[in-house]
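The structure appears right after this line, and notes come after that.
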There are 2 protein chains.
Amino acid sequence: MDAKILCLAVLSRGPASGYEIKKRLEQPPHALFQDTSFGSIYPALRLLTGEGAVSAEAVAQGKRPAKKIFSLTEAGRERLISALSQPPGPDRLRSDFLFTLLYGDLLPPSLLLSIIDARIAELEERLAWMGNCGGSITSPSAAFLHGLGLTYYQSCLDYLRNNRPRLAADLLGPKQVPHERAAE
Amino acid sequence: MDAKILCLAVLSRGPASGYEIKKRLEQPPHALFQDTSFGSIYPALRLLTGEGAVSAEAVAQGKRPAKKIFSLTEAGRERLISALSQPPGPDRLRSDFLFTLLYGDLLPPSLLLSIIDARIAELEERLAWMGNCGGSITSPSAAFLHGLGLTYYQSCLDYLRNNRPRLAADLLGPKQVPHERAAE
DNA sequence: GCTTACATGTAATAGGTTACATGATTCT
DNA sequence: AGAATCATGTAACCTATTACATGTAAGC
């Protein structure tokens, strides 16, 4: 899904400015699987306006720069539904963390373990952060997604916590020859 | 991690041609978190050769086009380790499937459920496919990654299977008024 | 006083995908 | 005979990120 469809989707929940769209994409549940910058949102909204998929209304606010509030048109709604109806493409994950694990044998064990510890802390934070997103669950399928997200994070966290000790033993163990001074 | 580091990483397991690098990236465990096309691999290898991070050797093979076998140099190895030592950036997931779930209320329930069923089938396939990748596990941290991948797929699969009936009931239930014929 | 939040937008840059171009060999 | 695999590489294209450019207002 490109930035255009993303904007249409957010607007399907109600009118918003470009700035507000960005804010919503940063929070769960969107943040689970999408991120987008201003540099792609504003051009997308301009194009969508030209194509008649959204309508813009300028709202003055005293001395601040005027907001542009965008609303979904009927054509935009149809386009969104059409995009959602396509069989979804494969997930694309880019993970430096998993990459580092795969080549972890090239790093000092202590560094690798500290990277895993950092990830455990991040997952804990993210789980807590996902917990309080009550307001955005507006449909059964959104609730279904929320549960899936929680399951995903929780199972990764459990795995990391449960298997870290074993990994530490495997990394440090084989080199530690008893009765000899550890080389390096 | 960009295409260059990816190539260096694959080559750290042994010399290979551009074609072979692509093949390895398509299989587990790389396929879990990375994908890259020829269009980024070949230019990356050319640049790396110029930078002295890899060395190339042409290998004639009868009538087929000659292979170029690339090997990691000491400078390349250092560069790889340096990249791996950086704190990993955040994971980036792009998932049309999760996006569709979030806006599933805009689709007919039967379509949404069939999309979930397709995902269940894909996950089953992927789990089986990950099962037989014994040869590529060459270190404790690679084994750790493999276990994490299995856990991730398995827990998502379990969630989808366990919660699909509930979602189906929630989607279809409220509309099904007893003693009336179901509308569509 | 400094930082963060609000608010929009453009331009340069980087990175990757897709399609193109070519051709032998092996499997079905 | 036709499809898939092996094998390399370029060019056009698309998309998105980052930095730039500008300025107010609220909170610490």
Side-chain angles (χ1 to χ4, degrees), chain A residues 1-8 10-11 15-27 30-31 33-51 54 56-70 83 89-96 99, chain B residues 1-8 10-11 15-27 30-31 33-51 54 56-70 83 89-96 99:
Chain A
M1 305 292 178
D2 58 15
K4 282 186 188 180
I5 302 298
L6 215 54
C7 289
L8 293 180
V10 173
L11 291 176
S17 66
Y19 190 86
E20 286 162 353
I21 290 173
K22 175 76 160 50
K23 288 286 110 150
R24 292 194 202 172
L25 292 176
E26 281 170 0
Q27 288 176 302
H30 278 109
F33 57 86
Q34 280 287 2
D35 49 11
T36 313
S37 59
F38 285 125
S40 56
I41 290 174
Y42 285 118
L45 288 169
R46 183 168 47 78
L47 293 172
L48 287 169
T49 307
E51 294 162 9
V54 303
E57 186 199 359
V59 176
Q61 345 174 71
K63 290 170 189 173
R64 283 200 203 164
K67 276 189 190 181
K68 267 194 200 171
I69 304 289
F70 296 91
D91 287 5
R92 281 167 160 176
L93 175 63
R94 262 304 160 91
S95 175
D96 286 0
F99 182 78
Chain B
M1 304 292 178
D2 59 15
K4 282 186 189 179
I5 302 298
L6 215 52
C7 289
L8 293 180
V10 173
L11 292 176
S17 66
Y19 189 86
E20 286 162 354
I21 290 172
K22 175 77 159 52
K23 288 286 110 151
R24 292 193 203 172
L25 292 175
E26 281 170 1
Q27 289 176 302
H30 278 109
F33 57 87
Q34 280 287 1
D35 49 10
T36 312
S37 60
F38 285 125
S40 56
I41 289 173
Y42 285 118
L45 287 169
R46 184 169 45 78
L47 293 172
L48 287 170
T49 306
E51 293 163 9
V54 302
E57 186 198 359
V59 176
Q61 346 174 72
K63 289 170 189 171
R64 284 201 200 162
K67 276 188 188 180
K68 267 193 197 170
I69 302 291
F70 296 90
D91 287 5
R92 280 166 161 176
L93 174 63
R94 262 305 159 90
S95 174
D96 287 0
F99 182 78

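Computed from a prediction, not measured in an experiment: that's the story for all the values here. Labels below follow one simple rule: chain letters A, B, ... track the order of the sequence lines, proteins then strands, and each chain is numbered from 1. Atoms considered below: every heavy atom in the structure, side chains included; atoms not considered: hydrogens, waters and symmetry mates.
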Rounded to whole Å, the NZ-C1' distance (B:K22 to D:dG9) equals 14 Å
Side chains of A:D35 and A:L25 in contact at under 4.5 Å (non-hydrogen atoms) | no
For DNA chain C, what dot-bracket results from Watson-Crick or G-U pairs at under 3.5 Å, with [ ] for crossers and | for inter-strand partners?
-> ||||||||||||||||||||||||||||
Quick one: A:L47 CG to D:dT15 C1', roughly how many Å, whole number?
-> 12 Å
Taking only nitrogen or oxygen atoms into account, show me every contact under 3.5 Å that the protein makes with nucleotides 3-7 of chain D, one pair per line with its distance.
from  : atom 1 : to    : atom 2 : distance (Å)
D:dC6 : OP2    : B:Y19 : OH     : 3.0
D:dC6 : O3'    : B:R64 : NH1    : 2.8
D:dA7 : OP1    : B:Q61 : OE1    : 3.0
D:dA7 : OP1    : B:Q61 : NE2    : 3.0
D:dA7 : OP1    : B:R64 : NH1    : 3.4

Can you tell me if A:R94 uses its side chain to pair, donor with acceptor, with the backbone of B:P90 under 3.5 Å?
-> no
Taking the side chain as every heavy atom from C-beta outward, state whether B:F99 and A:I5 have any pair of such atoms under 4.5 Å apart.
-> yes
Heavy atoms of A:D91 and B:S95 approach each other most closely as OD1-OG, 2.9 Å
Rounded to the nearest angstrom, tell me the gap between atom CZ in B:R46 and atom P in C:dG15.
-> 14 Å
Interatomic distance, B:L6 CG vs C:dG15 C1' [rounded to whole Å] = 13 Å
Can B:E57 and B:K67 be said to form a salt bridge (Lys or Arg N to Asp or Glu O under 4.0 Å), step by step?
-> CA-CA 8 Å; B:E57 186 198 359; B:K67 276 188 188 180; over 6 Å; no
Does a side-chain heavy-atom distance below 4.5 Å link A:C7 with A:L48?
-> yes
Each nucleotide of nucleotides 16-21 of chain D classed B (base within 4.0 Å of a protein heavy atom), S (only sugar-phosphate) or -, in 5' to 3' order, makes SBB---
Do A:K22's NZ or CZ and the ring of A:F38 fall within the cation-pi criteria of under 6.0 Å and 45°?
-> yes
Test item: B:V59 and B:K68 side chains (from C-beta on) under 4.5 Å apart, heavy atoms = no
Should A:L45 and A:I21 count as side-chain neighbours, where that means a heavy-atom distance under 4.5 Å?
-> yes
Minimum side-chain heavy-atom gap A:E51-A:K4 below 4.5 Å = yes
